[in-house]
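What follows is a single structure, written as structure tokens, with notes after it.
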Amino acid sequence: MGQFRNVLFRARYWLVGSGLALMLAGCAQFKYYMQAAQGQYALWSDARPIEDWLGDPSTDPQLKARLEKALRIRRFAVHHLGLPDNASYKNYAALSRPFVLWNVVATPELSLRPIKWCFPIAGCVSYRGYYSKEDALAYAAELRAEGDDVQVGGVPAYSTLGWFSDPLLSTFINYSDAELARMIFHELAHQVVYVQGDSQFNEGFATTVEEAGVQLWLDLYGNDAMREGYARYHARREEFLALLVRHRAALAANYARHASTHHKREEKARIFAALKADYLKLKESWGGYAGYDRWFAEPLNNAHLSAVATYQEDLPGFRALLAQEKNFPRFYAAVQSLANMALAQRQQRLQWLGRPAMLNAGNGPTPAPVPEAVH
């Protein structure tokens with residue numbers, strides 16, 4: 001009951017905070033904040049303790065097996081990775097949609113710099129999340145009408161940074177064991193350290209925890225087939241990201257050059273056509289693996305590539321820091337020290353830490369370090 005009152009208090013606090021933000025932002029934001037508040041409240045209300053699902057005779061046996069595996073991964077996250085031991089990912093919600101929400105990302109026509117929106121809790125971020133796909137598409141249409149490049153992408157999970165007890169969701173519960181672990185580790189890491197307004201730092205940190213956590217989990221509890229399967233997944237992911245980074249750099253160079261808008265548009269179209277052609281070659285080298293086809297489902301534009309740097313640029317620095325600190329608690333403390341720095345100092349420090357890895361980047365992807373586990 002005490003836990004219920006605490007969550008309810010947080011829900012009320014969050015709704016009151018949203019209401020204050022509404023008054024400050026004006027009527028234009030009313031609909032957006034209301035759908036966010038209602039969507040989060042519905043998600044929290046629909047979630048039931050995993051024990052209830054496991055004890056319910058009507059629960060599908062396959063779902064029971066996935067929930068039991070999720071609980072084991074959750075315990076591993078606490079005992080081996082030092083991630084928060086709270087109520088997150090101990091409840092489950094079955095949704096009637098393929099994603100929990102849809103993110104709208106936008107950039108100017110000839111720029112890779114994402115448009116940012118600022119919110120009371122998360123700070124300034126380069127996306128707007130909608131619990132309804134139709135609402136996301138409607139807002140995307142408004143941005144396109146203003147001349148912006150826009151992408152609408154489904155999101156299987158997100159973190160409320162400890163404000164709520166984030167539930168397991170039907171949108172990702174049937175992922176492979178390693179992918180399920182990756183998702184849980186990543187989202188829990190956001191509860192450890194989070195810097196408002198610095199998505200690149202936040203995602204680089206969470207991705208580093210995710211990588212090292214999955215590798216340690218597979219080393220301890222995986223079998224040869226699981227390790228080989230995840231190694232193939234990780235290798236394809238690294239190759240795909242390298243493809244995006246390469247074409248993103250070409251776009252950045254195009255937008256920075258002294259040329260007319262017409263010529264920049266022509267070169268932009270050529271680069272995106274080359275990206276699609278190079279992807280088809282990469283897909284062929286994978287034996288036809290189509291896991292990234294959805295990324296090309298709508299016409300490519302700057303918004304598709306704007307977030308690549310968010311997840312990638314700080315990774316070498318965080319990986320080096322994790323290897324240096326040798327275990328997760330010391331790593332988290334060192335990351336918190338970085339979080340306390342001014343933005344420029346934090347970025348400089350991470351660039352310095354990651355420099356050896358960047359110099360050796362031509363030798364292939366740098367594997368995630370595996371530190372000592374927490375006992």
When rounded to the nearest 0.5 angstrom, what is the spacing between OH in Tyr292 and CG in Leu244?
-> 9.0 Å

Going through the checks in order, is the salt bridge (charged side-chain N to carboxylate O under 4.0 Å, His left out) test met by Glu187 and Arg74?
-> CA-CA 11 Å; Glu187 300 305 334; Arg74 184 68 181 84; over 6 Å; no

Below 4.5 Å, heavy atoms only, C-beta onward: do Leu112 and Thr107 meet side chain to side chain?
-> no

For Asp149 and Pro108, indicate whether the former's side chain and the latter's backbone hold a donor-acceptor pair under 3.5 Å.
-> no

Asn103/Tyr158 under side chain to side chain donor-acceptor pair (under 3.5 Å): CA gap, chis, key distance, verdict | CA-CA 11 Å; Asn103 277 347; Tyr158 65 91; over 6 Å; no

Between Asp278 and His247, does a side chain to side chain donor-acceptor pair (under 3.5 Å) hold up when you go through it step by step?
-> CA-CA 10 Å; Asp278 288 348; His247 287 83; 3.2 Å; yes

Looking only at non-hydrogen atoms, find the nearest pair between Val214 and Ala178 and report the distance.
-> CG2-O, 3.9 Å

Kindly check if the number of other-residue, nucleotide or ligand heavy atoms within 6.0 Å of NZ (Lys264) is above 12?
-> yes

Stepwise side chain to side chain donor-acceptor pair (under 3.5 Å) test for Gln40 and Trp163 | CA-CA 11 Å; Gln40 178 59 54; Trp163 280 80; over 6 Å; no

Between the side chain of Lys90 and the main-chain N/O of Asn86, is any donor-acceptor distance below 3.5 Å?
-> yes

Kindly work out whether a path of hydrophobic side-chain contacts (I/L/V/M/F/W/Y, heavy atoms less than 4.5 Å apart) joins Met341 to Phe205.
-> yes

Classify the side-chain pair Gln191/Ser88 by whether it contains a donor and acceptor separated by less than 3.5 Å.
-> yes

Would a 4.5 Å heavy-atom cut-off, applied to side chains only, mark Lys268 and Glu109 as touching?
-> yes

Sidechain-backbone polar pair: Asp166 side chain, Ser159 backbone, donor-acceptor under 3.5 Å = no

Going through the distances and angles, do Tyr32 and Asp135 end up as a side chain to side chain contact (heavy atoms under 4.5 Å, CB included)?
-> CA-CA 9 Å; Tyr32 177 76; Asp135 288 347; over 6 Å; no

Arg128 side chain to Val104 main-chain N or O, any donor-acceptor pair under 3.5 Å?
-> no

In this structure, CH2 of Trp44 is separated from OH of Tyr41 (nearest 0.5 Å) by 5.0 Å

When hydrophobic residues are tied together by side-chain contacts of less than 4.5 Å, even through go-betweens, does Tyr127 share a cluster with Leu137?
-> yes

How about Tyr89 and Tyr92: do any of their side-chain heavy atoms sit closer than 4.5 Å?
-> no

Run the salt bridge (charged side-chain N to carboxylate O under 4.0 Å, His left out) check on Glu211 and Arg182 step by step: do they pass?
-> CA-CA 7 Å; Glu211 289 180 342; Arg182 183 186 72 80; over 6 Å; no

Check: Lys116 side chain, Val125 main-chain N or O, donor-acceptor pair, under 3.5 Å | no

Output yes when a side-chain donor or acceptor of Thr171 lies under 3.5 Å from a complementary backbone atom of Phe99, and no otherwise.
-> no

Scan side-chain atoms only and decide if Gln336 and Asn340 contain a donor-acceptor pair under the 3.5 Å cut-off.
-> yes

Glu179 and Tyr233 side chains, donor-acceptor separation under 3.5 Å | yes

Using modelled atom types only, decide if a donor and an acceptor are shared between the side chain of Gln151 and the backbone of Ala106 within a distance under 3.5 Å.
-> no

Greater than 12 external heavy atoms within 6.0 Å of Gln348's CD = no

So Arg270 and Glu267, salt bridge (charged side-chain N to carboxylate O under 4.0 Å, His left out) or not? Walk me through it.
-> CA-CA 5 Å; Arg270 188 198 66 77; Glu267 180 64 6; 2.8 Å; yes

Backbone N/O of Arg48 and side chain of Asp52: donor-acceptor pair under 3.5 Å | no

Any donor-acceptor N/O pair, Thr59 side chain to Gly55 backbone, under 3.5 Å | no

Does CZ in Arg227 sit with more than 12 non-hydrogen atoms of other residues, nucleotides or ligands closer than 6.0 Å?
-> yes

Asp293 versus Tyr279, side-chain donor and acceptor atoms under 3.5 Å | yes

When you look at Glu266 and His262, which way does the side chain to side chain donor-acceptor pair (under 3.5 Å) test go after all the steps?
-> CA-CA 6 Å; Glu266 284 188 332; His262 173 74; 3.1 Å; yes

Around atom CZ of Arg257, are there more than 12 heavy atoms of other residues, nucleotides or ligands at under 6.0 Å?
-> yes

Does a donor on one side chain and an acceptor on the other come within less than 3.5 Å for Tyr221 and Asp177?
-> no

Quick one: are Tyr131 and Leu101 in side-chain contact, heavy atoms under 4.5 Å?
-> yes

Side-chain touch Asp198/Leu343, heavy atoms, less than 4.5 angstrom = yes

Can you tell me if His304 uses its side chain to pair, donor with acceptor, with the backbone of Asn301 under 3.5 Å?
-> yes

Is Ile50 close to Asn91 at the side-chain level, that is, under 4.5 Å between some pair of heavy atoms?
-> no

Check whether the side chains of Glu203 and His186 place a donor and an acceptor atom closer than 3.5 Å, and report yes or no.
-> yes

Got a sec: does the CH2 of Trp295 have more than 12 other heavy atoms crowding it under 6.0 Å?
-> yes

Begin with the C-alpha distance, continue with both residues' side-chain angles, and end with the deciding distance and a verdict on side chain to side chain contact (heavy atoms under 4.5 Å, CB included) for Leu83 and Val78.
-> CA-CA 5 Å; Leu83 291 169; Val78 174; 5.6 Å; no

In the single-linkage hydrophobic clustering (I, L, V, M, F, W, Y; side-chain heavy atoms under 4.5 Å), do Val150 and Phe296 co-cluster?
-> no

Validation row: Phe201, Leu350 side chains within 4.5 angstrom (heavy atoms) | yes

So do the side chains of Thr208 and Leu321 get within less than 4.5 Å of each other, counting heavy atoms only?
-> no

